[in-house]
Asks: 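Got a structure for you, written out below as structure tokens; questions coming shortly.
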Amino acid sequence: MLPRIFIFLTVNLLYCTLTCAQYNPPNGIYPDAVWGEMIKTVQLYKTGWETSHPISHVEDEKPLILAFDELSKNARNYSYSIVHCDADWRQSRLITTDYMDGFPINQIRHYEYSFNTLIPYVHYRISIPNEDISLKVSGNFVILVFEDGQEDRPVLCKRFCITESVVAVSAIATRARLTAYQDEWQQVDFTVRTANYPVENAYQDIKVVIVKNGQWHTALTGIRPLFVRQNELDYRHEKVTLFRAGNEFRPLDTKSTKFTSTRMNAIEFNQPTYHFYPYTDESRGNGRYLFYEDFNGSYVVQSEKTTKSDVEADYVYVHFTLHAPQPIDNGQVYVFGAFTNDACTPANLMTYNADKRQYEATMLLKQGYYNYEYVFLPFKKPVIDDTMLEGSFYDTENDYIIYVYHRGRTSRYDRLVGVSVVNTMRK
């Protein structure tokens, strides 16, 4: 039998080795990102709710699900690790044993091969928590997936949140009150009721972040309470919590390879798979608002006449086109949505076709129902603009997620003490 001191030193040496090999983002902020060229359709959602935001409660019995595909005939030996972050998505000061029960790195055991598809792929799935790991604290987390032995070179990184219910957040999202902003802006008003939860200094210890439709590039931070009363923090500002409303997302339906949807011009088969050609889109920057239900940028995987779309839905090429009389010379245009990980990358970059006077992009997508929009990314100030090509209208239906973090003087991390999701059409 090995001495206890030997086992202790071996375990700690292994932990230190794994920690040193861990991926460190260049700017310290963990992103929602996919780096593997063959990795597709990365989703993180609550069990049974594919379009949900990746938020769970410390006492929730329904796990979060991370699902993704790799375009391959053979399964790889993938593993994953979970990193606890602060409110700014930088690694917190906690070590693994502080926030998690289980080993720091675990293999992905659950995978399936695609069935009867034109393009073969392997579908991977992770539940959080599972039989290998459980999380002990609230806050921001990221899950990193990598091939064994390459912890510093992940193929994907996804954000998720675990919340407590120690404060109550009451919120409403409406048309902006100030006249100058009423046509294009929406306002989020909310109060945080702390009840018996101790907060010494609300201005310093409480951090609030508001995100529109789960897209973290829209996040408003540094929000201070307007008033602090006994057991209540009031955030009903005039201008601080304003958002450009944007527009409803455009729909894309690729569920059927036999029948075209109302916005689909043609479906053609060309080896090795089907090609979908939606009608050419027009800019909505100067148009009128038209309401229709959407998923607020999300998507669902679905294929007609299949019983298990996760492994029976095929991959198809979608040819996006956006009419433009001339190219925009001070930036680039991207197809954008949850299926692009809400990021501007070469995979969703559009190129300008001068002969046809339109922007074009072709993407390989799994069959399903998608929401998308066109965004503009300036060269000089690379901040995503989702209104120049889509317009902004105060009556657009949006979700706003309010995250309330607390870190007291003696705490080593940002507790996520409350979350509220408010919709502009549900008062």
Side-chain angles (χ1 to χ4, degrees), residues 46 49 51-57 87 138 161 163-197 199 202-203 205-249 289-298 342 371 373 386-387 390-406 415-427:
K46 292 202 71 172
W49 189 5
T51 60
S52 65
H53 303 295
I55 305 168
S56 188
H57 193 276
S138 65
C161 297
T163 182
E164 304 174 60
S165 298
V166 296
V167 303
V169 184
S170 299
I172 185 171
T174 61
R175 184 181 188 178
R177 289 191 294 273
L178 294 176
T179 304
Y181 296 90
Q182 285 188 342
D183 290 341
E184 299 182 7
W185 296 73
Q186 292 174 341
Q187 181 141 5
V188 183
D189 292 328
F190 63 100
T191 58
V192 177
R193 295 181 176 87
T194 57
N196 297 321
Y197 181 70
V199 178
Y203 292 102
D205 299 346
I206 296 291
K207 293 182 180 179
V208 173
V209 178
I210 309 176
V211 176
K212 187 176 80 170
N213 294 329
Q215 297 179 324
W216 280 95
H217 72 272
T218 69
L220 278 183
T221 60
I223 307 168
R224 298 291 184 90
L226 185 63
F227 300 107
V228 176
R229 307 183 183 93
Q230 185 176 7
N231 298 331
E232 184 178 87
L233 313 178
D234 191 330
Y235 290 85
R236 289 177 290 185
H237 294 272
E238 288 291 340
K239 293 178 64 176
V240 175
T241 55
L242 288 175
F243 285 80
R244 292 290 294 273
N247 205 341
E248 308 296 349
F249 286 84
Y289 174 74
L290 176 65
F291 171 76
Y292 46 84
E293 290 191 23
D294 63 4
F295 291 151
N296 288 333
S298 191
D342 293 321
N371 278 182
E373 61 182 342
D386 60 357
T387 62
E390 299 293 353
S392 187
F393 306 92
Y394 73 87
D395 32 14
T396 300
E397 179 266 327
N398 288 308
D399 278 340
Y400 291 97
I401 311 170
I402 304 166
Y403 300 86
V404 181
Y405 302 88
H406 176 246
R415 293 176 63 181
L416 184 53
V417 293
V419 171
S420 179
V421 181
V422 58
N423 185 274
T424 54
M425 290 192 173
R426 293 188 288 272
K427 307 304 181 186

Asks: Please examine the side chains of Gln186 and Thr424, heavy atoms only from C-beta on, and report whether any two atoms are closer than 4.5 Å.
Replies: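 Result yes, sub-4.5 Å side-chain heavy-atom pair found.
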
Asks: So do Val192 and Ile206 actually touch side chain to side chain, heavy atoms under 4.5 Å?
Replies: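 No. Closest side-chain heavy atoms not under 4.5 Å.
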
Asks: If you define the side chain from C-beta out and look only at heavy atoms, does anything of Arg177 sit under 4.5 Å from Asp189?
Replies: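 SC-SC contact between Arg177 and Asp189 confirmed.
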
Asks: Could Asp386 and Arg244 be called an ion pair, given the rule that one side-chain N must be under 4.0 Å from one carboxylate O?
Replies: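 Looking at Arg244 together with Asp386, the answer is no, because their closest N to O distance does not fall below 4.0 Å.
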
Asks: Atom CG of Leu226 and atom NE2 of His237: how far apart are they, to the nearest 0.5 Å?
Replies: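 Leu226 CG to His237 NE2: 5.0 Å, rounded to 0.5 Å.
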
Asks: So, taking the atom named OG1 in Thr163 and the one named CG in Leu416, what distance separates them when rounded to the nearest 0.5 Å?
Replies: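 Rounded to the nearest 0.5 Å, the OG1-CG separation comes out at 4.0 Å.
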
Asks: Using distance alone, with no hydrogens and no angle criterion, decide if Ser138 and Glu164 have a side-chain donor and acceptor under 3.5 Å apart.
Replies: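 Ser138 vs Glu164: donor-acceptor pair found between side chains.
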
Asks: Do Glu397 and Asn423 pair up side chain to side chain, a donor and an acceptor below 3.5 Å, judged on atom types alone?
Replies: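 Yes, Asn423 and Glu397 have a side-chain donor paired with an acceptor closer than 3.5 Å.
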
Asks: Regarding Ser170 and Arg193, is there a side-chain donor-to-acceptor distance under 3.5 Å anywhere?
Replies: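 There is such a pair between these side chains.
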
Asks: Can you see which heavy atom on Ala202 is nearest to which on Leu233, and at what distance?
Replies: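 So the minimum-distance heavy-atom pair works out to CB-CD2, 3.6 Å.
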
Asks: Take Asn247 and Glu373 through the side chain to side chain donor-acceptor pair (under 3.5 Å) test and state the conclusion after the steps.
Replies: CA-CA 9 Å; Asn247 205 341; Glu373 61 182 342; over 6 Å; no

Asks: When rounded to the nearest 0.5 angstrom, what is the spacing between NE2 in His217 and CG in Asp342?
Replies: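 Result: 7.0 Å between the selected atoms.
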
Asks: With a 4.5 Å cut-off on side-chain heavy atoms, are Glu248 and Leu290 touching?
Replies: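 With C-beta onward as the side chain, the pair stays apart.
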
Asks: How about Tyr403 and Trp216: are their ring centres within less than 6.0 Å of each other?
Replies: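 Judged by ring-centre distance (under 6.0 Å), Tyr403 and Trp216 do meet the cut-off.
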
Asks: Taking the six-membered ring where the residue is Trp, are the ring centres of Phe243 and Tyr400 under 6.0 Å apart?
Replies: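 Distance test on ring centres: under 6.0 Å, yes.
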
Asks: Once rounded to the nearest 0.5 Å, what's the spacing between atom CZ of Phe393 and atom CH2 of Trp185?
Replies: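 Between atom CZ of Phe393 and atom CH2 of Trp185 there are 14.5 Å.
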
Asks: Do Tyr197 and Val417 have side chains that get closer than 4.5 Å, going by heavy atoms?
Replies: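 Of all side-chain heavy-atom pairs linking Val417 with Tyr197, at least one is under 4.5 Å.
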
Asks: Is the closest side-chain heavy-atom distance between Val419 and Val169 below 4.5 Å?
Replies: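 Result no, sub-4.5 Å side-chain heavy-atom pair not found.
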
Asks: Under the criterion side-chain contact (heavy atoms from CB on, under 4.5 Å), I'd like the reasoning laid out for Thr241 against Arg236: C-alpha separation, chi angles, the key distance, then a yes or no.
Replies: CA-CA 8 Å; Thr241 55; Arg236 289 177 290 185; over 6 Å; no

Asks: Would you say the side-chain atoms of Asn213 and Asp399 include a donor-acceptor pair closer than 3.5 Å?
Replies: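 No donor-acceptor contact under 3.5 Å links the two side chains.
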
Asks: Working to the nearest 0.5 angstrom, can you tell me the gap between Thr174 OG1 and Met425 CE?
Replies: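 If we round to the nearest 0.5 Å, Thr174:OG1 and Met425:CE are 13.0 Å apart.
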
Asks: State, yes or no, whether a side-chain contact exists between Ile210 and Ile223 at a heavy-atom distance under 4.5 Å.
Replies: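 Yes, their side chains come closer than 4.5 Å.
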
Asks: Please determine if Arg224 forms a cation-pi arrangement with Tyr203, meaning its NZ or CZ atom is less than 6.0 Å from the six-membered ring centre and no more than 45° off the ring axis.
Replies: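 The answer is no; the distance or angle limit is not met.
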
Asks: Hey, could you give me the OG1/OH distance between Thr221 and Tyr405, rounded to the nearest 0.5 Å?
Replies: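 Interatomic distance, Thr221 OG1 to Tyr405 OH, rounded to 0.5 Å: 11.0 Å.
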
Asks: Can you list the steps and then say if Tyr235 with Val208 is a side-chain contact (heavy atoms from CB on, under 4.5 Å)?
Replies: CA-CA 10 Å; Tyr235 290 85; Val208 173; 3.6 Å; yes

Asks: Give me the atom names and distance for the closest heavy-atom approach of Ile402 to Val188.
Replies: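 Nearest heavy atoms, Ile402 then Val188: CD1-CG1, 3.9 Å.
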
Asks: Between the side chains of Arg175 and Asp395, is the shortest nitrogen-to-carboxylate-oxygen separation below 4.0 Å, so that they form an ion pair?
Replies: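 So Asp395 does not pair with Arg175 through a salt bridge.
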
